[in-house]
Amino acid sequence: MSAVEALRSALARAAVAVGAPESVAPVLERPRDPAHGDWATNLAMTLAKPLGKKPREVADALIAALDLTAAGVAEATVAGPGFINFRLSTADLASGLAQVLAAGSAWGTSSANAGKTVVVEFVSANPTGPLHVGHGRQAALGDAISSLLGSQGWTVTREFYYNDGGVQIANLALSVQARLRERAGDPLVIPEGGYHGDYIREIAATYVAECPNDPRGNDLEAVRAVAVRELRKEQDLDLKAFGVRFDVYSLESALYTDGRVQRTVDALVAAGQTFADDGALYLRTTAFGDDKDRVMRKRDGTFTYFVPDVAYHVTKFERGFTRAINVQGADHHGTTARVRAGLQALGIGVPLGYPEYVLHQMVTVVRGGEEVKISKRAGSYVTVRDLIDEVGRDAVRYFFLMRKGDSQLVFDVDLARSQSEENPVYYIQMAHARLSGIFRVGDVDPAEITAEGIDWAVLVEPAERELVKAILDWPVLVAGAAEAVEPHRVANWLLETARLVHTWYHKHHVLGEAPPVMRARLALAKAARITIANGLGLLGITAPERM
RNA sequence: GCGCCAGUAGCUCAGUUGGAUAGAGCAACAGCCUUCUAAGCUGUGGGUCGGGGGUUCGAUUCCCUCCUGGCGCGCCA
């Protein structure tokens, strides 16, 4: 049993002793001010009302009834409106590090969700151009969310859905055709809604090389096939540069060719959830919470985009995923109600909140204090590749993850590329490198550092007590971030912990200290290094040995 | 007009799911290099948590209302 659990159960017994109505689960949290102690509980305040007493009286009674030894507490005091603050002995506090050393790369993982499966869909771009910064945010978020869930025992499938059907693909083919005809000497006429970037010219060149008999792109279907293939290749390279890997790629076009779209429509009609009006077929999405009913089949006989999306999500459900999480830009939030409504209308037992959506706000890129909008190759937007080439993969990952998804994100290129204290990525990686440096310089193999024979009571300095607490809080932090699907909590924790590492490193030495102190501090350094490396790993960022 | 998201220090943002005197970085100011990386550290100043109501022992957090900004509201995706 860990120190916290011992304290919690001792408190629960004390609560019963002072007459609490039924069993309680006391809440323990870190006091904001470390001077207040190592743990604090608001138990007395929550019990005050049912007991009909003042909070501070209840607090005094709780302390009197508390078995301090069993709770592993050196001191308990009442403070403020009725908080009880606890101080642990340094030995009890720091000995928790033994778990960290034993767990290693598994520190912070949990098997709480073992046996449950989740599919995380992200990026899911149209293959109509290089990935833009919004896709980059999705890639960072989706990958980190997948890792977070995986760390908590979920079996995770990372999935990319190519929207390779519909009008936009037709516009892509026409845009390439326009460039082909320009090459052949015609005046350039890029169609309405077409694509203007330089990459369209590159695709035209590829097409001419492969199909010399059709320099004007008269075979539009062949043009389309080459364009989609080239852009999928391009996007794959973007993702590779970003270090993101997917387990499954799904194609919208396949949902048409294998009849899934038609079968989904038939099922919705059979379920009585549709109606025809003015030559179009509607789904009664209002029966499932949408603002208005939505067109499924247009008058021209083609389906609207959300129909294949519903068919696609049926496959996720049929593949047996407990949860489905979709990471998308907030500009897609209108579709969430539609997809869920379609799944409910089918009446096949899909849970109400399926799929879940993690929506993120827009990204703006700033350089030299000015917003950057244009990439040469893409024409109208900044690409992920631009950012990676300029500031590196680690910095791009961190910057996309350091803000809550539902905040708009300002990506400061100058800050991200600066190799200085101001840059949070460098600051965190530096903490890891410094910890590594202690072992390198001291010629100590970290593998030799175990909890065996360490006197934890020597870690009495305030700076090391704070670092110890941050390390021991890591598993709760990760579990909370996974539960809330919020990777930015990990990013913030890393920055704060890196700060504690730098403070400790600056104030106290490891090598050359008296043997018991050096040994305990080496253990602390190793535990900190493990935890920071695990945190960076979850975010897909490297933990360098030296910088 | 309706829906979703945001509004916290000069700037960029956290705030542990309702707790103590609201925090961090940058910027400003004052200091610190014979020791494991100064790519660093220490300290100081800085606030009507957008405004106003409500819920309760207690609200940045929950509810209502208004203001401002972003996104969406298509037989586009």
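Numbers restart at 1 for each chain; the letters A, B, ... are given by sequence-line order, proteins then strands. All values below come from the heavy atoms of this structure, side chains included, with hydrogens, waters and symmetry mates left out.
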Q: Using only side-chain N and O atoms of T503(A), determine if any of them is under 4.0 Å from OP1 or OP2 of U42(B).
A: yes
Q) So, does R8(A) use its side chain to make a donor-acceptor pair with the main chain of P26(A) at under 3.5 Å? A) yes
Q. If we take the P atom in both A77(B) and C73(B), what is their distance in whole Å?
A. 12 Å
**Q.** Cation-pi check, R294(A) onto F306(A) ring (under 6.0 Å, within 45° of axis)
**A.** no
Q. Below 6.0 angstrom between ring centroids: does that apply to Y354(A) and H313(A)?
A. no
Q.
Is there a side-chain contact between Y505(A) and the phosphate of U37(B), meaning an N or O under 4.0 Å from OP1 or OP2?
A. yes
Q.
Between A9(B) and G45(B), how many Å separate the two C1' atoms, rounded to a whole number?
A. 11 Å
Q | Gap in Å between the two P atoms, one belonging to G25(B) and one to U17(B), rounded | A | 23 Å
(Q) When the C1' atoms of C49(B) and A59(B) are compared, how many Å lie between them, rounded to an integer? (A) 11 Å
Q: Look at the side chain of R299(A) against the base of C75(B) and say whether a donor-acceptor pair falls under 3.5 Å; ignore hydrogens and angles.
A: yes
Q) Can you find a donor-acceptor pair, distance only, under 3.5 Å between N42(A) side chain and G19(B) base? A) yes
Q. Looking at G72(B), does its base get a donor-acceptor pair with the side chain of H332(A) below 3.5 Å?
A. no
Q.
For a quick check of understanding: with a heavy-atom distance under 4.0 Å over all strands, which category does A330(A) fall into, base, sugar-phosphate or nothing?
A. sugar-phosphate
Q: Under 4.0 Å between any heavy atoms, over every strand shown, what does D278(A) touch: base, sugar-phosphate, or nothing? Just pick one.
A: base
Q. Given atom CD of E486(A) and atom C1' of A6(B), what is their separation to the nearest angstrom?
A. 14 Å
Q) Nearest nucleotide by nearest heavy atom, which residue falls closer to the 5' end of RNA chain B, L409(A) or N85(A)? A) L409(A)
Q.
Mind checking if H502(A) touches a base, just sugar-phosphate, or nothing, with heavy atoms under 4.0 Å?
A. sugar-phosphate
Q) Does Y162(A) have a side-chain nitrogen or oxygen under 4.0 Å from the phosphate oxygens OP1 or OP2 of A77(B)? A) no
Q. Mapping E483(A) and R434(A) onto RNA chain B by nearest heavy atom, which one lands closer to the 5' end?
A. E483(A)
Q: Take atom CZ of R338(A) and atom C1' of G3(B), then tell me their distance rounded to the nearest Å.
A: 12 Å
**Q.** Donor-acceptor contact below 3.5 Å, side chain K526(A) vs main chain I449(A)
**A.** yes
